[in-house]
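Written out below as structure tokens is the structure these notes cover.
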There are 2 protein chains.
Amino acid sequence: MIKTRGKADRVAQKTPARSKVRRRPAPRPESEPVDPRRMDDDPVVQGILTAISQKRLKPGTKLGEDRLARALGTTRIHIRQALAHLASRKIVVQFPNRGAFVYRPTWEEAREMFAARRVIEAATVAAAIDRLDKPGKVLLKAHMAREAADDRSDRWASLSLTAEFHILIAQLAGNHVLLDMARELILRTSLAIATFEQPGAPDCSPDSHPDIGELVLARDKAAAVAAMTHHLDDIERRIQPRQADGEVDELTEIFKDLGVRPAARHDS
Amino acid sequence: MIKTRGKADRVAQKTPARSKVRRRPAPRPESEPVDPRRMDDDPVVQGILTAISQKRLKPGTKLGEDRLARALGTTRIHIRQALAHLASRKIVVQFPNRGAFVYRPTWEEAREMFAARRVIEAATVAAAIDRLDKPGKVLLKAHMAREAADDRSDRWASLSLTAEFHILIAQLAGNHVLLDMARELILRTSLAIATFEQPGAPDCSPDSHPDIGELVLARDKAAAVAAMTHHLDDIERRIQPRQADGEVDELTEIFKDLGVRPAARHDS
DNA sequence: TTGTTCGATATTGTCGACGAAATGGGCGGT
DNA sequence: ACCGCCCATTTCGTCGACAATATCGAACAA
């Protein structure tokens with residue numbers, strides 16, 4: 001008979017307020033309205049994300065499912081979901097029957113990411129200045145202090161710190177949509193940098209951050225936008241279009257001034 | 001033994017050019033280098049996406065897995081993948097153990113989407129003017145002709161058409177990253193409109209499109225940017241912050257100026 | 001030695017089924 | 001008549017296993 005299911009087909013999303021207006025019978029403790037699932041909170045996703053932003057996972061790295069499952073202590077299905085999510089956000093690429101790899105942007109795409117960042121972040125600094133208030137100033141000053149106090153002893157922590165400056169600006173802008181875009185762009189940009197950086201160049205000239213921060217605190221919008229744009233230009237200038245198709249070129253690059261040959265290959 | 005798998009761990013992403021240079025033994029027809037999986041090409045995703053952009057799926061609609069699987073003639077696992085992808089892009093929301101629903105933005109988020117669109121699309125028109133060339137002009141003129149010839153006979157086709165104008169501008173900008181963002185924003189904006197629109201108001205004042213198009217063709221950047229911004233303001237003004245939490249309020253809205261009271265409540 | 005073919009291995013993709021949670025309706029108590 | 005509880009049904013989440021495909025190594029021919 002199949003029972004065509006006449007109702008409840010479109011019940012409307014909304015934090016599951018019970019069908020009627022009656023307040024919940026308190027089966028739940030309180031204040032837990034069953035939040036929507038946020039894949040970004042998944043520990044697997046978080047792990048891969050921070051590993052990437054700290055450059056512990058390099059572009060092109062294969063992310064095998066079974067391997068990750070064992071490494072992170074979960075089952076393959078969670079890994080699959082996490083990888084699918086990261087693939088949707090273009091943090092990883094999935095090839096059919098071959099697996100997932102950390103995304104490696106092309107040179108053109110890297111350029112386009114920076115162009116997009118200039119657009120977005122120019123808007124976020126401007127908006128951040130517009131709606132800057134006491135708590136915002138406190139947050140900004142606190143971050144600037146943290147960056148000033150950073151002694152570069154922990155390269156990974158420093159990398160996170162510089163990225164957080166840009167994210168903080170986007171947060172101060174108060175637009176969650178722009179914030180998400182900025183987050184995504186910053187992450188993907190770090191992939192672009194990792195792909196095309198010259199070996200041994202710093203990631204993000206941290207010297208510019210205090211200047212930008214001061215301009216924001218001074219509410220000098222035009223100068224702050226100009227400084228941010230210039231800052232991003234600076235970062236972009238640090239990358240070069242080396243052969244992005246790697247492997248062979250990578251090897252020639254590695255061995256070209258090294259003079260060693262594989263010898264006779266007997267591992268173990 | 002476990003076999004720590006000494007090599008090939010990071011082989012680099014790159015369109016799987018065969019391990020050697022030899023041409024393939026011809027199991028594949030030709031010219032198909034195994035492209036990365038693009039979830040956006042999935043027919044299920046496409047179906048839901050166009051259904052949403054044409055407002056055949058309204059915000060809040062429940063997207064049951066088994067139901068969709070039967071409706072679209074696939075298995076549940078494909079539906080799950082598609083829904084996960086759409087959830088990553090915030091087109092749908094997934095509640096644990098409750099299913100997926102077409103995303104219904106909050107009022108603030110709707111405002112933020114428009115603000116973001118002003119930022120992105122101001123940049124895309126500007127860039128489109130900068131790199132406008134012959135084929136670009138042809139495309140733009142062709143689209144303007146199509147919009148001019150549209151007789152609104154097919155409401156769904158008209159909706160797609162107006163969205164495509166904005167996407168075309170973004171395409172002309174030549175920045176794939178910005179293009180993707182514009183695509184996503186346009187789609188989510190249409191969800192915001194569907195959520196908060198006043199019943200019976202047109203979606204996107206199509207009258208503005210010819211003006212903007214002409215300004216682009218005339219390469220008047222300042223005026224085009226201003227026109228685009230104004231156009232988006234126009235659209236945003238058409239929505240109102242009605243109670244977004246729906247159902248009860250939705251019903252009161254439906255019946256509020258209808259003059260009927262529940263009387264003495266004896267249904268049937 | 002160089003290049004090709006074939007088989008073994010490993011990894012991914014998919015399916016079916018079961019357990020878990022929530023929804024909805026009916027029942028009994030106040 | 002209303003409110004709360006309980007159970008049946010539906011739907012989602014997860015696990016295990018199998019099939020499909022690619023990768024790797026070795027044997028083989030030129």
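Reminder, nothing fancy here: chain letters follow the sequence lines and each chain counts from 1.
- Rounded to an integer number of Å, the gap from CZ of B:Arg67 to C1' of D:dT10 is 11 Å.
- Judged as a salt bridge (Lys or Arg N to Asp or Glu O under 4.0 Å), and not counting sequence neighbours, the contacts of B:Arg76 are B:Glu65.
- A heavy atom lying under 4.0 Å from DNA chain C marks the following residues of residues 75-83 of chain A, by number: A:Arg76, A:Arg80.
- The CD atom of B:Gln94 sits 16 Å away from the C1' atom of C:dA22 (whole-angstrom rounding).
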Residues 82-97 of chain B, side-chain donor-acceptor partners within the protein, below 3.5 Å, at least two apart:
residue : atom : partner  : partner atom : Å
B:His85 : ND1  : A:Ser88  : OG           : 2.7
B:His85 : NE2  : B:Asp40  : OD1          : 3.3
B:Ser88 : OG   : A:His85  : ND1          : 2.7
B:Ser88 : OG   : B:Ala84  : O            : 3.1
B:Arg89 : NH1  : B:Asp40  : OD1          : 2.4
B:Lys90 : NZ   : A:Asp180 : OD2          : 3.1

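- Distance, B:Phe101 CZ to D:dT11 P: 12 Å, rounded to whole Å.
- Looking at which nucleotide of DNA chain D each of A:Asn97 and B:Asn97 is closest to, the 5′-most match is held by B:Asn97.
- A search for side chain to side chain contact (heavy atoms under 4.5 Å, CB included) contacts involving A:Gln81 returns A:Met39, A:Ile77, A:His78, B:Arg80, not counting sequence neighbours.
- B:Phe95 has its CZ atom 15 Å from the C1' atom of C:dT23, to the nearest Å.
- Regarding B:Glu65, its CD atom lies at a distance of 11 Å from the P atom of D:dT11, rounded to whole Å.
- Scored by the side chain to side chain contact (heavy atoms under 4.5 Å, CB included) test, B:Glu164 finds B:His143, B:Arg146, B:Ser160, B:Leu161 as partners (sequence neighbours excluded).
- In this structure A:Ala69 satisfies the side chain to side chain contact (heavy atoms under 4.5 Å, CB included) test together with A:Ile79, sequence neighbours excluded.
- Atom CZ of B:Arg38 has 12 or fewer neighbouring heavy atoms from other residues, nucleotides or ligands inside a 6.0 Å radius.
- Residue A:Arg37 contributes atom CZ, which lies 13 Å from atom C1' of D:dT11 at whole-angstrom precision.
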